Amino acid sequence: MLVSLNWLKQYVDLGSETPESLADKITKTGIEVEGIEYVSEKLNHVVVGYVESCEKHPDADKLNVTIVNVGTETIQIVCGAPNVKAGQHVIVAKVGAVLPGNFKIKKAKLRGVESNGMICSLQELGVKEQFVPKDLADGIFVFDEEVEVGRDVTSYLNLDDAILELGLTPNRSDALSMLGVAYEVAAILNEKVQLPNVSYNTSTKRASELVNVEVEAKEDNPYYGAFVAKNITIKASPLWMRNYLMAAGIRPINNVVDITNYVLLEYGQPLHAFDLDKFGSNQIVVRRAEAEEKFKTLDEEVRTLNAEHLVITNGERPHALAGVMGGFESEVSETTRTILLEAAYFDGKRVRQAVKDHGLRSESSTRFEKGVDPNRVKKAGFRALHLLEKYADATICQGVSEYDALDYEEKDVVITTERINERLGTTISDDEIIVILNKLQFNYTQSGSSFTVHVPTRRQDITIFEDMLEEVARIYGYDHLDYTLPEGGQFAGKLTERQALKRFVKQVMEGAGLSEAITYSLTTTERATRLVAPDIKVKAVSPVRLAMPMSEEHSTLRLSILPELLAVASYNQARKEKDIALYEIGTVFVSDEKEVTKQPKELNRLSGVMQGAWLSHPFQQEQKSVDFYVAKGIVETLIERLGVDVQFTKADIDGMHPGRTAEIFANNQSIGFIGQVHPTLAKTYDLKEIYVFDLDLEYLYDAVDVEPRFVQIPRFPSMSRDIALVMDGVTPSGEVLSTIKSAAGEHLYSVHVFDVYQGDNLPEGKKSLAFNLRYLDPTRTLTDEEVEASYMHVLEAVKARHGAVLRA
Amino acid sequence: MQEKLHALKEEALTKVAQAEDLKALEAVRVGYLGKKGPMTEVLRGMGKLSPEERPVVGELANKVREAITTALEEKKQRFEADVLNTQLKTETIDVTLPGRPVNLGGPHLLTSIVTEIEDLFIGMGFDIKEGPEVETDYYNFEALNLPKDHPARDMQDSFYITEELLLRTHTSPVQARTMGEYRGNKPVKMICPGKVYRRDTDDATHSHQFTQVEGLYVDKNVRMSDLKGVLNQFAKQFFGEEREIRLRPSFFPFTEPSVEMDISCKVCHGKGCSVCKQTGWIEILGGGMVHPDVLKMAGYDPEIYSGFAFGMGPERIAMLKYGVDDIRHFYTNDQRFLTQYHKA
Ligand SMILES: [Zn+2]
């Protein structure tokens, strides 16, 4: 809502407030002023001039030499505007004037002819293009009504106006009118509101004799009033009205249209003027449109309507889409002599439907959608008639032809001083409540500390105690509320075990060199199904798609974070960031339905991508790229720290390298995978050797087994044995390790691989694995014999199970 | 005999002083203190002395031996130090060359901000609550006083999956869920951070996915001044003690009265500058007193219970606090962007 302060002053005394101070007060009281716009800068020596004569310049085709009376003198001005003519009243910047842009007007000679000033366009006075009427865009401004020669033009042209841009929250539709803003400002400044003049003379003819109103769609249209104004003269509206409309961002058209727009802005009540001579009947019927009913709106578009739309008809065909737009057929034009003025209350839902279906949001529809003030509907009509009589020479018919089932009653809300103070934490007195209610101009009935507030119908947003609480609080001033801390019991806040674990997982990842990324949950349907972990794949029937995506790019909820992380890797690589180590903890969305009807399961995953240099210390000749084991080491470290037992098994997963991928199992349950992305898939991202991992955090969070309790540090030394075994090259070391673990007996403390060898000195297809075994008994020193016995057991077992023999 | 010992001592100390390397020193030691050396000889001759002389000479002999040993030891240490110093000199490296870097990652800026907010509110006794990102229409809208035909919930603004399911447009449904879980009979004091989604075209200031942190406090006799106090405490801790807060009336369907909170501009301290669009204030969060209908729907009697709620956007906070100029940076994950915020 754009609010001209000069206009606002017609209703409320702004005292000594500057635009800035007023804006600050309005913002603090509840309506945000998003900007202040000045129509022009302060101008001196710019006056009304009368062009007495206008002759062609002797030496320049495009210039005119004019003699202009500026009140105190008559001066010669050379003017280049195409529309300058003798007999015009124009804007003259006299010598000494300084126009916006520090443009100083001096005595000058133009092609040998003396010029003592300048005839100006509105733009030259600093008026912004958007406020200038279209027909004035290319020339000087010419006054079309009586003005006093020699007078300062500022007030004629409303150049000293400031316009506040109000950002209205949905509840404050009352401020979609100048009067509404006036009530708000009056409450802030403790002033009264001066209401506009709504009186007019009437002819003996009654409106009801000329038109009859019948409302069929009573729910949609509880009030319809039809006024009739005859003998209209269509012309320009008064300059002051045009100025205010321009300030409000509306381009002036002609007096009738301008008056309906002016009253719309003044009262917040949309009006519509039909050319009664073109209406085609004297019968107004308000009804729902029929299916496929056609209607040409005044923008000359033919609209196809349906039963969801409300129309104003002449008993046969529509002449307006109620509250949204009038019809082309009965549009007011140059030749209009009689108008039918509609002042109605249309239900917001009906209007919203039409706006949505036809993409026609307007100043009118916006107000109907939010709900207009019942008590202003008819009054706005009166106001328009007052202006039509004055500025369109109209003869007004008596009365109104109407259908009226509107609820005009004010709603009561009871407040008590005690409850107000309880909820605000204040110590406001009864008297202060009274002051606040008076400022708001709300009537009330007092009974001790209890007030029954009769909320005026202009404030449709106030229906319950809390609404009044806010009114009291904002007029009292949010600034004046104390800073207190809740008096209720103080409890300690705390992370849940899961939340703490999530932070722990992040620490491990970051300590291991990975940076956290956050990607979008919405992706393409194709990407949503890439690199889905086996445990997710068995649960997800199909990816969850949006009903109406904005684009295919963000149409489907992801089933894996990895495709998004690969896209991030690709993005970085394209920018020469080739060493990549990223992780993300996020949700994947798993639905077990083909057609989704219930919320999908949201499962927490930890995913990572890694490629490029892992260890780089060039002058020490240390260079190591990320490989499977780097990634696996990170995953193992995390899982070990969480105290979970897992096994890695070679796996075949879509999109993964068939020889370099392991599925991770815990308790025979698949909980993720790790490996190199298949080169074919990597290539679609312009990537080459890139490693990924994906873990089921839901499982890990639940399985965590780390209860820190003291374990005695071994007092007896452990004993160590190395064992190098030769076996088939394809035998997985993990299986050999398991065999050793189960065969070595109770004293085996730890076992790990310390060497893998394949090549010279070994038969083709064979490899050697070397293990280090450590034995320990916390209660005593083990004997060599005991260790030897276990060692022999191990040898037998690996031979039996894997055909592995001691390396010679 | 005693004179002989004195002479021996002088002689030996001179030799020690003259020794030029460890080998020469060892020769001196063997020469004087060795089994065949003069000291041994002297001691061997002790037997011939009278019982009166014996302790005197014995003591002297020990002193002489000690003096020689000490001198030898000192000189030896000096030689060893020299040897070590020579060796260390050859081991000198260029200490100005770079060390081997430790691979350290770090959190995403949004996570850092959310974590900081979480910790501040945990310190004020709030718990952290989470909830689903795919929400039911009921929890996302209806339970928050946004009935089906409410203009603020146009289909155009949300990502619907079915008529009843959508991507949550705020984290407020977590509040409704938590209140429901507590069944209207115990206080609620919670923060709910999380991802939210709106039908916006991604540009410098809009993102179809973004982050929210919302808070809720419901108890008996919660006052609007408590909201002001808690938010003030948060703002001072998070943005700095010198920052002032200002509450302005606003509107949200789920709070009444509603507020918007501004903090004083860091750049101009309230005087007005381009950062704060000349207002001296920067909008940071929205909130208000929980709407009685929201309390009622969650099973809390608004005659007994009252509360406040608030919500803020970590992206916006990050943009203000660190001058990030485009919201898309948060989701592009350019490593050069991510690592900027990994420092302490
Ligand atoms: Zn500033």
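Convention: sequence-line order gives letters A, B, ...; per-chain numbering from 1. Since this is a predicted model, take the numbers as computed values, not measurements.
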- Which residue pairs pass the salt bridge (charged side-chain N to carboxylate O under 4.0 Å, His left out) test with at least one member in residues 103-122 of chain B, sequence neighbours excluded? A/Arg503-B/Glu118, A/Arg503-B/Asp119, B/Glu116-B/Lys321
- Message: What part of A/Asn572 gets within 4.5 angstrom of chain B, counting heavy atoms only: side chain, backbone, both, or neither?
- Response: side chain
- Which of A/Leu495, A/Leu565, A/Asp579, A/Leu522 touches chain B most, by non-hydrogen pairs under 4.5 Å: A/Leu522
- Query: With a 3.5 Å cut-off and no angle check, do the side chains of A/Asp482 and A/Thr426 form a donor-acceptor pair?
  - Reply: no
- Message: Please classify the contact between B/Gln233 and chain A as side chain, backbone, both or neither, with a heavy-atom cut-off of under 4.5 Å.
- Response: side chain
- Message: Which atoms of A/Lys506 are under 4.5 Å from chain B, going by heavy atoms: the side chain, the backbone, both sets, or neither?
- Response: side chain
- Contacting region of A/Ala581 [heavy-atom separation from chain B under 4.5 Å]: backbone
- Centroid separation B/His291 to B/Phe254 less than 6.0 Å: no
- Using non-hydrogen atoms only, which part of B/Ser207 is less than 4.5 Å away from chain A: side chain, backbone, both, or neither? side chain
- Message: For the interface with chain A, which of B/Phe252, B/Phe121, B/Phe126 has the highest count of heavy-atom pairs at distances below 4.5 Å?
- Response: B/Phe126
- Query: So how far is it from B/Glu303 CD to B/Leu295 CG, rounded to the nearest 0.5 Å?
  - Reply: 10.5 Å
- chain B interface, residue from A/Lys494, A/Lys598, A/Arg474, A/Glu584 that has the most non-hydrogen pairs under 4.5 Å: A/Lys494
- What residues form a side chain to side chain contact (heavy atoms under 4.5 Å, CB included) with B/Ser112, not counting sequence neighbours? B/Pro107
- Item | Contacting moiety of B/Lys129, where chain A heavy atoms sit under 4.5 Å | backbone
- Query: Which bit of B/Pro302 comes within less than 4.5 Å of chain A, counting heavy atoms only: side chain, backbone, both or neither?
  - Reply: backbone
- Of all of B/Ser225, B/Pro292, B/Gly99, B/Gly123, which one pairs up most often with chain A through heavy atoms under 4.5 Å apart? B/Ser225
- So what's closer than 4.5 Å to chain A heavy atoms on B/Leu338: side chain, backbone, both or neither? side chain
- Test side-chain contact (heavy atoms from CB on, under 4.5 Å), reference B/Ile191, set B/Ile128, B/Val114, B/Asp127, output is B/Ile128
- Query: Do you know which of B/Met289, B/Arg336, B/Lys220, B/Glu164 has the most heavy-atom pairs under 4.5 Å to chain A?
  - Reply: B/Arg336
- Could you tell me which portion of B/Leu104 (side chain, backbone, both or neither) has an atom closer than 4.5 angstrom to a non-hydrogen atom of chain A? both
- Item | CA sep, side-chain torsions, deciding dist, call: A/His554, A/Tyr520, ring pair (Phe, Tyr, Trp, His ring centres under 6.0 Å) | CA-CA 8 Å; A/His554 305 301; A/Tyr520 295 134; 5.1 Å; yes
- Query: Is chain B contacted by the side chain of A/Arg575, its backbone, both, or neither, given a heavy-atom distance below 4.5 Å?
  - Reply: both
- Query: Under a 4.5 Å heavy-atom cutoff, which of B/Val102, B/Leu231, B/Asp202 has the most pairs with chain A?
  - Reply: B/Asp202
- Examine B/Arg328 relative to B/Tyr331 and say whether NZ or CZ is less than 6.0 Å from the centre of the six-membered ring and inside a 45° cone about the ring axis. no
- Note on the structure: Counting heavy-atom pairs under 4.5 angstrom with chain B, the leader among A/Thr597, A/Asn171, A/Thr169, A/Ile580 is A/Asn171
- Interface check, chain A: of B/Asn221, B/Leu166, B/Thr201, B/Thr111, most non-hydrogen pairs under 4.5 Å belong to B/Thr111
- Message: Can you tell me which of A/Ser521, A/Pro600, A/Ala512, A/Gly511 forms the most heavy-atom pairs within a distance under 4.5 Å of chain B?
- Response: A/Ser521
- Among B/Asp200, B/Thr339, B/Asp262, the residue with the most heavy-atom pairs under 4.5 Å to chain A is B/Asp200
- Query: Could you state the interatomic distance from CZ (B/Phe159) to CG (A/Leu546), rounded to the nearest 0.5 Å?
  - Reply: 6.0 Å
- Which answer fits A/Gln599, side chain, backbone, both or neither, if we ask what part of it has an atom under 4.5 Å from a heavy atom of chain B? both
- Residues B/Asp157, B/Arg198: salt bridge by 4.0 Å N-O rule: no
- Item | Top contributor to chain B contacts, counting heavy-atom pairs under 4.5 Å, from A/Arg172, A/Glu564, A/Glu595, A/Arg419 | A/Arg419
- Message: Tell me whether the rings of B/Phe330 and B/His108 are parallel (<30°), tilted (30 to 60°) or perpendicular (>60°).
- Response: tilted
- Task: Specify which of A/Ile31, A/Thr587, A/Thr27, A/Val544 makes the most heavy-atom pairs with chain B at under 4.5 Å.
- Result: A/Thr27
- Identify which part of B/Thr211 has an atom lying under 4.5 Å from any heavy atom of chain A, answering side chain, backbone, both or neither. neither
- Task: Please determine if B/Arg177 forms a cation-pi arrangement with B/Tyr139, meaning its NZ or CZ atom is less than 6.0 Å from the six-membered ring centre and no more than 45° off the ring axis.
- Result: yes
- Rounding to 0.5 Å, atoms CG (A/Leu481) and CG (B/Leu227) come to a distance of 9.0 Å
- Item | side-chain contact (heavy atoms from CB on, under 4.5 Å) assessment of A/Tyr478 paired with B/Met224 | CA-CA 9 Å; A/Tyr478 281 15; B/Met224 195 162 161; 3.5 Å; yes
